[in-house]
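Presented below is the structure to which this report refers.
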Amino acid sequence: MAVTGDETETGTSGDLTACQLQNTGSSLPQGGAETSTQGFVKSANPSQKREHRLMKNREAARECRRKKKEYVKCLENRVAVLENQNKTLIEELSSIKDIYRHKVE
DNA sequence: CAATGATCCCGTCAAGTTCG
DNA sequence: CGAACTTGACGGGATCATTG
């Protein structure tokens, strides 16, 4: 097993409400800077168009993976928190049962 | 130390979705 | 409706750990 991971669900102390994926319309340099996509795409020859498309997709894939990774990390945090909650509730229930038992006896 | 397996990250393609 | 965007799937290279 290659434990490359430096991840682990460290607290991040986050309030993890909803780990939502989907386009938050977040970062992504889409409309941004560099190649003024508009004019370029029209005047470019097919191979330039292809190159441009590949480049765009390359960046998109990177961003997509980044978001997915973030999403998974968020889910992992959520699992950790819920497991803790569950544990606490089980203990609480157990002590309530105890109290009840003593009263009955 | 070489072979092997596991895992990660990347680039590309294809199909689906969104938007002007 | 077409162009741009998003994402799952696939194949390949790099790196690390284990094993004989």
Side-chain angles (χ1 to χ4, degrees):
Chain A
M1 293 95 199
V3 188
T4 338
D6 45 319
E7 25 154 353
T8 67
E9 67 291 343
T10 42
T12 321
S13 69
D15 71 311
L16 28 83
T17 39
C19 303
Q20 53 176 344
L21 202 51
Q22 295 310 320
N23 328 328
T24 42
S26 55
S27 38
L28 205 46
Q30 229 57 274
E34 26 178 0
T35 49
S36 48
T37 317
Q38 296 299 38
F40 171 77
V41 171
K42 289 229 167 185
S43 59
N45 65 43
S47 93
Q48 284 177 314
K49 279 183 182 175
R50 173 181 159 77
E51 216 38 54
H52 183 259
R53 184 169 50 74
L54 288 182
M55 195 242 284
K56 280 284 186 189
N57 187 244
R58 203 177 301 141
E59 287 167 8
R62 251 192 293 241
E63 177 66 10
C64 179
R65 285 171 185 135
R66 190 192 62 75
K67 283 197 297 187
K68 186 173 181 178
K69 215 170 172 180
E70 201 174 292
Y71 172 68
V72 168
K73 198 176 276 182
C74 179
L75 287 181
E76 285 170 348
N77 279 341
R78 189 159 170 70
V79 166
V81 166
L82 290 175
E83 277 175 351
N84 272 340
Q85 272 181 18
N86 195 36
K87 191 178 162 198
T88 301
L89 288 173
I90 286 173
E91 285 170 4
E92 203 176 314
L93 176 61
S94 163
S95 67
I96 288 174
K97 278 181 176 173
D98 245 26
I99 292 171
Y100 176 73
R101 204 174 303 128
H102 281 108
K103 281 199 171 177
V104 168
E105 288 171 0

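Quick note on labels: first sequence line is chain A, next is B, and so on, each numbered from 1.
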What is the distance from NZ of K68(A) to C1' of dA9(C), rounded to the nearest Å? 10 Å

Think K69(A) has a side-chain N or O under 4.0 angstrom from the OP1 or OP2 of dC8(B)? no

Could you check how far CG of L54(A) sits from P of dC5(C), rounded to whole Å? 14 Å

Counting only distance, no hydrogens or angles, is the base of dC5(C) paired donor-acceptor with the side chain of N57(A) under 3.5 Å? no

Expressed in angstrom and rounded to an integer, what is the separation of R53(A) atom CZ from dA15(B) atom C1'? 13 Å

Expected list for residues 85-95 of chain A: side-chain donor-acceptor pairs under 3.5 angstrom, two or more places apart:
{"unit_1": "T88(A)", "atom_1": "OG1", "unit_2": "N84(A)", "atom_2": "O", "d": "3.0"}
{"unit_1": "S95(A)", "atom_1": "OG", "unit_2": "E92(A)", "atom_2": "O", "d": "3.0"}

How long is the straight-line distance from CG of N57(A) back to CZ of R62(A), given to the nearest 0.5 Å? 10.5 Å

Phosphate oxygens OP1/OP2 of dA3(C): is one of them under 4.0 Å from a side-chain N or O of K49(A)? no

Tell me the interatomic distance from E63(A), atom CD, to dG8(C), atom P, rounded to whole angstroms. 14 Å

Distance, rounded to the nearest Å, where E59(A) contributes CD and dT12(B) contributes P: 12 Å

With a 4.0 Å limit, can you tell me whether R58(A) has a side-chain N or O closer than that to the phosphate oxygens OP1/OP2 of dC10(B)? no

Salt bridge E63(A)-R66(A), side-chain N to carboxylate O under 4.0 Å: yes

Is any side-chain nitrogen or oxygen of R50(A) closer than 4.0 Å to OP1 or OP2 of dC13(B)? yes

Atom-to-atom span, CE of M55(A) to P of dC13(B) - whole angstrom: 15 Å

In whole angstroms, how far is the C1' atom of dT12(B) from the CD atom of E51(A)? 12 Å

Distance in Å, K69(A) NZ paired with R65(A) CZ, rounded so as to fall on 0.5 Å steps: 11.0 Å

Taking 4.0 Å as the cut-off, does a side-chain nitrogen or oxygen of K56(A) come that near to OP1 or OP2 on dT6(C)? no

Do the side chain of R65(A) and the base of dG8(C) come within less than 3.5 angstrom through a donor-acceptor pair of N or O atoms? no

